[in-house]
Amino acid sequence: MILFTLAMGFFPGPVQSGFGALADVMRYDIGWVFTLGATAMLVFAAGVGAILMFFGVAEPINHDAVPPTIGTFHFGFQLWAIQVVPGLAFAYFTYKRNLPPRASSAFQPFIGDRIHGPWGKAIDIMAIVATVFGIAVSIGLGAMQINAGLTYVYGVPMQGWIQALTIALITGAGLTSVLLGMDKGVNRLSYLNILMAVALMLFVLMWGATMDTFRGVVETAGRYLYNLPVLSFFNDFSGSGQWTGDWTVFYWAWAVTWSPFVGMFIAKISRGRTIREFVIATIGMPTSFVIVWMSVWGISGIVQDQATATSGVSGELVETVVDDGNIEAALFQFLQGYPAFGFVAVFTLIVIVIFFVTSMDSGALVMDGIASGHEDAGPKRQRVFWTVSIGAVCTVILVTAGENGFNAMQEVIIVIGLPLMILTFIMMLSLLQAVREDYGSARPIRTRQWRRVLPLEEFHRRAQEEPSATEEFVICSEYEVGTEPDFDTHQPQTWHWQRGDGTVEENDAYQKGQQS
């Protein structure tokens, strides 16, 4: 993290060019890896509240003006599946197999005790670095949105030093919270955060196009479920991957860099739950909330935009978001159409700040746990380091990129996200293997080591002619030994138990049957 910060500070041009070239390849040439990976995790199967504030108005406006998809897709099942797979793996290997609460523990079925060696350390380092970048990009977008809000309310210019100062203030608040610990700092801020965010959403619902919004929530849910199979595999083939590269690849890369942090966090708060409860709660409940959130903000924004549109000319929000690409300003431009804009804008700024503070402090605590390898709080200097690292990475990207800050953060996160997406996919397979091993459903390897099966009548005939000739044959498969013939009805009956290690426990009925 120190080397990256110094390189960006002293050699911004070459570093940005390198990340940009790699990001272009990952966006438009191999972006399908992100699409397929996210969908696979969804079939298998906390922290994104900040981006809901950033894209709540902008993305529905963009997709309404420039199809092909709907605004809830990038915040729905796939997004949460990317968090659930690592979360379930961390929870399972930490609380079921009693391994250290580290990302590397989830690979124990494949690499065994090497999780405690260089391979395990490499996995943990990758998880921590990805988390730093993921949170840093979120903080950076938040700083840009806060700067845009200050521009609308107080006329403050959009400049890098203002965003750097904002990041410094967020880092200071996050540092205070993380030093206070989970109960006094993180929990209290999180509760306050969600209450204020819901209050803001209800304000928009009450003063906006209320009945249209209620209808839209129901319709949006139906459209999302109807289009989900197509959207899950959509790669913009006719457009050479341009749309998915600009939107979907960025979202999935961003989500996967959050997955070690969010996954470990939800694992810690889910101890004692069943796998079914875990999956339903962490995929179903957030997705339901997102559909309501995006519908309230998005539909209200679309209605407001249509009111300012004239024949053949886009509305003001479409012009800002699509034509000008000024995504960070969309939220406050939208709120200008509501009463008491000055008060509401300040309230919104506070909500955004707290969102990013809670992301930073909880992220620092989780990263500290992954680095330490135990659940007890580590030395305070470690938590300080992780908090400052997030702020430093975020600041150096924004300040050196200048007006291209948003694009620079996208490029960095895509490059960091690809190896972690592959790692998360392997983690999913590792979890499946562990569950099969622990619950005895892993089948033994198929080989030709079993004796040939003969019908009962033929077995008896050969036994009468030459008893020793039957030693190479059996009347019940030694592999599929789950049945033993009933000598009266010739109907199979269950007679054995298969252990978790694949061995079979035979009972007297089988031995007597062989003898007879």
Side-chain angles (χ1 to χ4, degrees), residues 36-37 39-45 81 84-85 88-89 91-93 95-99 105-115 119 229 232-233 273-280 422-516:
L36 189 62
T39 302
M41 293 177 206
L42 174 60
V43 173
F44 170 76
V84 165
V85 168
L88 186 56
Y92 191 87
F93 287 99
Y95 302 123
K96 189 68 177 177
R97 289 199 170 184
N98 295 319
L99 292 172
S105 294
F107 294 85
Q108 190 255 357
F110 291 156
I111 64 176
D113 290 339
R114 284 176 289 181
I115 62 172
W119 283 103
S232 297
F233 297 94
R273 303 292 184 181
T274 65
I275 292 178
R276 181 182 291 108
E277 290 171 341
F278 182 92
V279 172
I280 291 175
I422 297 172
L423 208 62
T424 306
F425 189 82
I426 298 174
M427 189 183 297
M428 177 181 71
L429 301 179
S430 177
L431 176 61
L432 284 172
Q433 178 65 21
V435 174
R436 289 165 60 85
E437 290 173 355
D438 292 346
Y439 288 91
S441 60
R443 300 175 69 86
I445 300 175
R446 293 178 180 270
T447 66
R448 297 179 180 178
Q449 61 181 323
W450 296 282
R451 288 175 289 182
R452 185 178 176 184
V453 178
L454 288 177
L456 180 63
E457 296 82 1
E458 178 64 14
F459 186 90
H460 282 313
R461 188 189 67 79
R462 296 190 184 191
Q464 292 174 357
E465 291 182 356
E466 180 60 49
S468 61
T470 61
E471 294 179 357
E472 298 180 0
F473 305 97
V474 292
I475 58 175
C476 184
S477 171
E478 291 183 308
Y479 176 66
E480 297 178 353
V481 286
T483 59
E484 184 248 338
D486 185 308
F487 296 104
D488 294 325
T489 63
H490 288 208
Q491 297 297 318
Q493 294 178 341
T494 300
W495 66 272
H496 89 294
W497 297 268
Q498 182 168 315
R499 300 190 186 96
D501 59 4
T503 60
V504 174
E505 181 176 338
E506 301 176 354
N507 65 6
D508 293 340
Y510 180 72
Q511 301 293 342
K512 293 176 180 177
Q514 289 285 59
Q515 294 170 4
S516 63

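For reference, positions follow the sequence shown, starting with 1.
- Interatomic distance, Met427 CE to Phe93 CZ, rounded to the nearest 0.5 Å: 9.0 Å.
- Atom CZ of Phe278 is separated from atom OG1 of Thr274 by 10.5 Å, given to the nearest 0.5 angstrom.
- Considering only heavy atoms from C-beta on, Phe107 comes within 4.5 Å of Leu423 through its side chain.
- Side-chain atoms of Lys96 and Val435, non-hydrogen and from C-beta on, never get closer than 4.5 Å to each other.
- By the 6.0 Å contact criterion, CZ on Phe425 is open, its count of non-hydrogen atoms from other residues, nucleotides or ligands being 12 or less.
- Between the CG atom of Leu99 and the OH atom of Tyr92 there is a distance of 11.0 Å, given to the nearest 0.5 Å.
- Of the inter-residue distances, the one linking Leu429 atom CG with Leu431 atom CG reads 9.5 Å to the nearest 0.5 angstrom.
- The shortest heavy-atom contact between Asp438 and Arg97 is OD1-NH2, 2.9 Å.
- For the side-chain contact (heavy atoms from CB on, under 4.5 Å) with Met428, the lone residue among Val85, Val84, Leu88 that qualifies is Val85.
- Here Gln433 contributes atom CD and Ser430 contributes atom OG; the two are 8.0 Å apart, rounded to the nearest 0.5 Å.
- Taking Glu458 as the reference, Arg461, Arg462 meet the salt bridge (charged side-chain N to carboxylate O under 4.0 Å, His left out) condition, with sequence neighbours excluded.
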